[in-house]
Amino acid sequence: MKLYNTLTRKKEEFLPIKKDEISMYNCGPTVYDFIHVGNARPLVVFDTLRRFFIYKGYDVKFVVNFTDVDDKIIEKANKENTTLKAISERYIDAFMEDAEGLNLYDYETINPRATEFINEMIKFIEGLVDKGAAYNVDGNVYFNIESAKDYGKLSKKNLDELRSGSRIEVNKEKKNPMDFALWKKAKSEEPYWESPWGKGRPGWHIECSVMAKSLLGDTIDIHSGGEDLQFPHHENEIAQSETLADKPFANYWLHNGMITVNNQKMAKSEGNFFTIKDISDEYSLEALRFFLLSAHYRSPINFSRDAMEQTVNGLNRLYNGKNNLEYLINKTRSRELDEEDEKSLEKINKYKEEFIKSMEDDLNTADGIASIFELVKFANTNLNERSNKKVIIHAQNTLTELSNILGILSKTEEILEEEILKLIEERSEARKNKDFQLADEIRDSLQEQGIILEDTQDGVKWKRV
RNA sequence: GGCGGCAUAGCCAAGUGGUAAGGCAGAGGACUGCAAAUCCUUUACCCCCGGUUCAAAUCCGGGUGCCGCCUCCA
């Protein structure tokens with residue numbers, strides 16, 4: 001498998017540290033509000049990578065943290081006159097709902113909260129202080145970037161340029177303007193924890209370093225996140241972790257491209273964002289997931305109603321293909337494979353191989369999706385009531401297998417209520433008697449309830465929309 | 001100003017040396033009582049100008065346009 005590593009700016013062959021286990025850390029949300037589409041992209045993309053690894057037989061330890069202590073959360077808590085915990089609990093719950101809808105929790109994800117690791121953070125910072133890489137100024141502890149070797153190696157920035165291009169206000173406490181806070185002294189009205197430097201709370205960058213170390217070890221296989229986190233967040237994580245451990249922090253750094261709206265980055269601060277909740281009012285979150293996978297993860301992707309409509313229509317095509325196969329399974333019989341059948345099986349396997357190949361090429365989901373469409377097209381065109389059931393089953397299993405890797409096509413048909421079944425019966429009778437007016441009335445009324453009827457050669461099929 | 005990325009049909013989007021995957025939308029046709037679904041047919045001077053090569057969307061140089069990071073940000 002090849003993955004594009006931001007550290008080297010190259011596609012590299014992926015070699016895990018352990019033979020059959022992979023550790024992944026993805027920067028998760030700061031829980032001060034509902035997450036938006038931009039936040040969802042890395043979650044969906046790297047969940048898909050995780051799924052692919054699992055498919056290939058690896059055990060995957062996948063960590064997505066919650067940043068539950070931060071200026072913004074504190075601000076919100078003060079504004080609403082409630083506690084930090086109340087705010088973070090609220091948005092963690094909301095996150096879980098969104099995540100469920102996006103199929104992010106089909107496999108176990110480790111979701112640590114920053115506040116559960118305060119002791120580890122303090123120890124981590126103490127270690128840096130002992131090494132002379134961090135210094136305490138009146139309760140604020142800063143990391144001295146001069147002490148990190150190769151500072152800037154991820155984002156390819158050099159210190160001089162950073163200094164001259166810096167828009168940061170000069171903080172007189174800092175030895176170097178680019179030094180960043182590991183521990184922040186508590187102001188009044190702020191939640192705090194006791195520490196060797198007095199009351200305070202951790203800085204942002206330290207959280208991820210500590211949770212990754214505590215849960216996955218000093219060196220992890222993959223660290224991922226949005227490309228806007230490359231600097232300073234990921235750069236600072238590297239600086240802290242590698243200075244303390246004297247080992248590489250992550251072997252592969254993966255970054256996804258930004259979601260745009262009218263070709264401008266979707267961002268909280270820009271105000272041009274759509275929350276997952278907004279989207280789910282209008283579209284299924286599965287469609288959103290499919291949309292996010294429809295382009296290569298490193299490309300920017302423009303979010304629009306138009307794009308979502310296209311995605312929904314495409315997804316429907318896949319569902320129709322899936323439903324047709326399901327339908328055929330009950331209509332066909334198994335028999336010895338003949339030459340034609342063998343050819344079909346080969347064809348189906350070819351689509352699968354192509355899919356896998358695409359995924360192994362730096363997670364090219366867009367290309368992989370094309371293989372799934374081709375598989376569906378093949379089934380639609382070549383498989384029918386006279387086909388060998390064995391072939392139908394193979395097509396269906398393959399479709400399920402591949403769509404499971406992407407985390408789509410997971411909805412299963414529900415069972416219809418008695419009275420609706422009766423109505424469908426009634427309509428069939430009416431059609432038999434050429435009473436098309438009644439038949440159409442029933443069909444229309446069912447459509448209003450979200451049930452679409454299709455008359456096929458072998459009777460009535462239905463689906464929910 | 002520094003660093004990085006992108007430009008492929010009406011739209012979305014793969015393809016990184018051998019003359020353009022896939023999807024959406026549109027048009028025509030088949031099937032159908034009508035629909036739906038499905039199938040068939042149909043649409044590309046690969047941003048521009050040079051260069052390398054037998055051969056370039058693909059490599060190199062120069063433009064133009066757009067975007068991201070350098071500040072909280074997925």
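In what follows, chains carry the letters A, B, and so on, assigned in the order in which the sequence lines appear, proteins first and then strands, with residues in each chain numbered from 1.
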Discussion item. Given B/U38, B/G4, B/C69, identify the nucleotide with an atom nearest to the side chain of A/Phe231.
Written reply: B/C69
Worksheet, complete the sentence: In whole angstroms, the gap separating P of B/C67 from CG of A/Asp228 amounts to 17 Å
Worksheet entry | Given B/A74, B/C70, B/A13, the nucleotide with the shortest approach to the side chain of A/Met258 | B/A74
Worksheet, complete the sentence: Partner of B/C69 under the Watson-Crick or G-U wobble criteria, both distances under 3.5 Å, comes out as B/G2
Item to complete: Rounded off to whole Å, could you give me the OH-to-P distance for the A/Tyr351 and B/A21 pair?
Response: 14 Å
Discussion item. Under 4.0 Å, heavy atoms only, any strand: does A/Gly28 hit a base, just the sugar-phosphate, or nothing?
Written reply: nothing
Item to complete: For A/Gly225, report the nucleic acid contact type (base, sugar-phosphate, nothing); a contact means any heavy atom under 4.0 Å.
Response: sugar-phosphate
Fill in: Partner nucleotide of B/C34 by Watson-Crick or wobble geometry (both distances under 3.5 Å)
none
Discussion item. Within 45 degrees of the ring normal and closer than 6.0 Å to the centroid, is that where the cationic atom of A/Arg50 sits relative to A/Tyr107?
Written reply: no
Discussion item. If I pick the C1' atom on B/A37 and the same atom on B/C66, what distance separates them, to the nearest angstrom?
Written reply: 41 Å
Worksheet entry | Phosphate OP1/OP2 of B/C39 contacted by A/Asn380 side-chain N/O (<4.0 Å) | yes
Fill in: A/Glu146 side chain to A/Tyr151 side chain, donor-acceptor N/O pair below 3.5 angstrom
no
Fill in: B/C11 and B/C48, which share atom name P, separated by this distance in whole Å
15 Å
Practice prompt. State plainly whether the residues A/Arg201 and A/Asp71 are in salt-bridge range, i.e. N to O under 4.0 Å.
Written response: yes
Discussion item. Within the 4.0 Å heavy-atom criterion, would you say A/Thr260 contacts the bases, only the backbone, or no part of the nucleic acid?
Written reply: nothing
Worksheet item: Between A/Gly226 and A/Ala295, who's closer to the 5' end of RNA chain B by nearest nucleotide?
Response: A/Ala295
Discussion item. Salt bridge or not between A/Arg51 and A/Asp47? Use side-chain N to carboxylate O under 4.0 Å.
Written reply: yes
Worksheet, complete the sentence: Closest to the side chain of A/Glu454, out of B/A74, B/A35, B/A14, is B/A35
Discussion item. Distance check, C1' atoms only: B/A20 and B/A14, in whole angstrom units.
Written reply: 10 Å
Discussion item. Tell me whether A/Lys350 forms a cation-pi arrangement with A/Phe378, defined as NZ or CZ under 6.0 Å from the six-membered ring centre and within 45 degrees of its axis.
Written reply: no
Worksheet item: Separation of A/Trp253 atom CH2 from B/A74 atom P, in whole Å?
Response: 15 Å
Discussion item. Donor-acceptor pair, distance only, cut-off 3.5 Å: does the side chain of A/Thr275 make one with the backbone of A/Asp278?
Written reply: yes
Worksheet item: For the side chain of A/Asp361, counting heavy atoms from C-beta on, which of B/A74, B/G15, B/A13 is nearest?
Response: B/G15
Worksheet item: Is the shortest side-chain N to carboxylate O distance from A/Glu97 to A/Lys277 below 4.0 Å?
Response: yes
Worksheet entry | A/Asp33/A/Lys72 salt bridge by N-O under 4.0 Å criterion | no
Worksheet item: Counting distance only, does the side-chain N/O of A/Asn364 pair as donor-acceptor with the main-chain N or O of A/His296 below 3.5 Å?
Response: no
Item to complete: Name the nucleic acid region contacted by A/His255, choosing base, sugar-phosphate or nothing; use a 4.0 angstrom heavy-atom cut-off, strictly under.
Response: nothing
Discussion item. Checking contacts here: which listed nucleotide (B/C72, B/G33, B/A37) is nearest the side-chain heavy atoms of A/Arg427?
Written reply: B/G33
Could I get a table of every N or O pair under 3.5 Å where one atom is in the protein and the other is in nucleotides 22-24 of chain B?
residue	atom	partner	partner atom	Å
B/G23	N2	A/Gln310	OE1	2.7
B/C24	O3'	A/Asn313	ND2	3.3

Worksheet item: Would you say the side chain of A/Asp455 and the base of B/C34 hold a donor-acceptor pair, judged only by whether the two atoms sit under 3.5 Å apart?
Response: yes
Worksheet item: Considering only B/C3, B/A14, B/C72, which nucleotide approaches the side chain of A/Asp367 most closely?
Response: B/A14
Worksheet item: Which part of the nucleic acid, if any, lies within reach of A/Asn320 when heavy atoms closer than 4.0 Å are counted: base, sugar-phosphate only, or nothing?
Response: sugar-phosphate
Worksheet entry | Between P of B/A13 and CZ of A/Phe291, the distance in whole Å | 8 Å
Practice prompt. Write down the distance between CD (A/Gln264) and C1' (B/C6), rounded to a whole number of angstrom.
Written response: 14 Å
Item to complete: Please determine, for B/G17, whether a Watson-Crick or G-U wobble partner exists with both distances under 3.5 Å, and give it or none.
Response: none
Worksheet entry | Nearest-angstrom distance, P atom, B/C67 to B/C12 | 15 Å
Worksheet item: So what's B/U64 paired with, Watson-Crick or G-U wobble, going by both distances under 3.5 Å?
Response: B/A7
Worksheet item: Do any of residues 430-452 of chain A sit with a heavy atom less than 4.0 Å from RNA chain B, and if so which?
Response: A/Arg431, A/Phe436, A/Asp440, A/Arg443
Worksheet item: In the strands shown, is B/U58 matched to any nucleotide by a Watson-Crick or G-U wobble pair with both distances under 3.5 Å, and which?
Response: none
Worksheet item: On the ring face of A/Tyr319, is A/Lys463 found with NZ or CZ under 6.0 Å from the centre and within 45° of the axis?
Response: no
Item to complete: List the steps, then state whether salt bridge (charged side-chain N to carboxylate O under 4.0 Å, His left out) holds for A/Lys185 with A/Glu173.
Response: CA-CA 13 Å; A/Lys185 183 181 177 174; A/Glu173 282 187 1; over 6 Å; no
Discussion item. Could you identify the nucleotide paired to B/G28, looking across every strand shown and requiring Watson-Crick or G-U wobble geometry with both distances under 3.5 Å?
Written reply: B/C40
Item to complete: Using a heavy-atom cut-off of under 4.0 Å over every strand shown, decide if A/Ile259 touches base, sugar-phosphate, or nothing.
Response: base
Item to complete: Taking atom C1' in both B/A56 and B/U8, compute the distance separating them and give it to the nearest angstrom.
Response: 14 Å
Worksheet item: Does any donor-acceptor pair link the side chain of A/Lys268 with the base of B/C72 at a separation under 3.5 Å?
Response: no
Item to complete: Could you tell me whether A/Lys357 and A/Glu360 make a salt bridge, using a distance below 4.0 angstrom between a side-chain N and a carboxylate O?
Response: no
Worksheet item: Looking across every strand, which nucleic acid part, if any, lies under 4.0 Å from A/Glu270 by heavy atom: base, sugar-phosphate, or nothing?
Response: nothing
Discussion item. Any salt bridge linking A/Glu282 with A/Arg305? Criterion: basic side-chain nitrogen under 4.0 Å from a carboxylate oxygen.
Written reply: yes
Item to complete: In whole angstrom, give the distance that lies between atom CG of A/Asn323 and atom C1' of B/U38.
Response: 13 Å
Worksheet entry | Same-atom distance (C1') from B/U16 to B/C60, integer angstrom | 14 Å
Fill in: Spacing of the C1' atoms in B/G63 and B/C6 (rounded, Å)
16 Å
Discussion item. At less than 4.0 Å, is any side-chain N or O atom of A/Ser299 found next to OP1 or OP2 of B/A14? Yes or no.
Written reply: yes
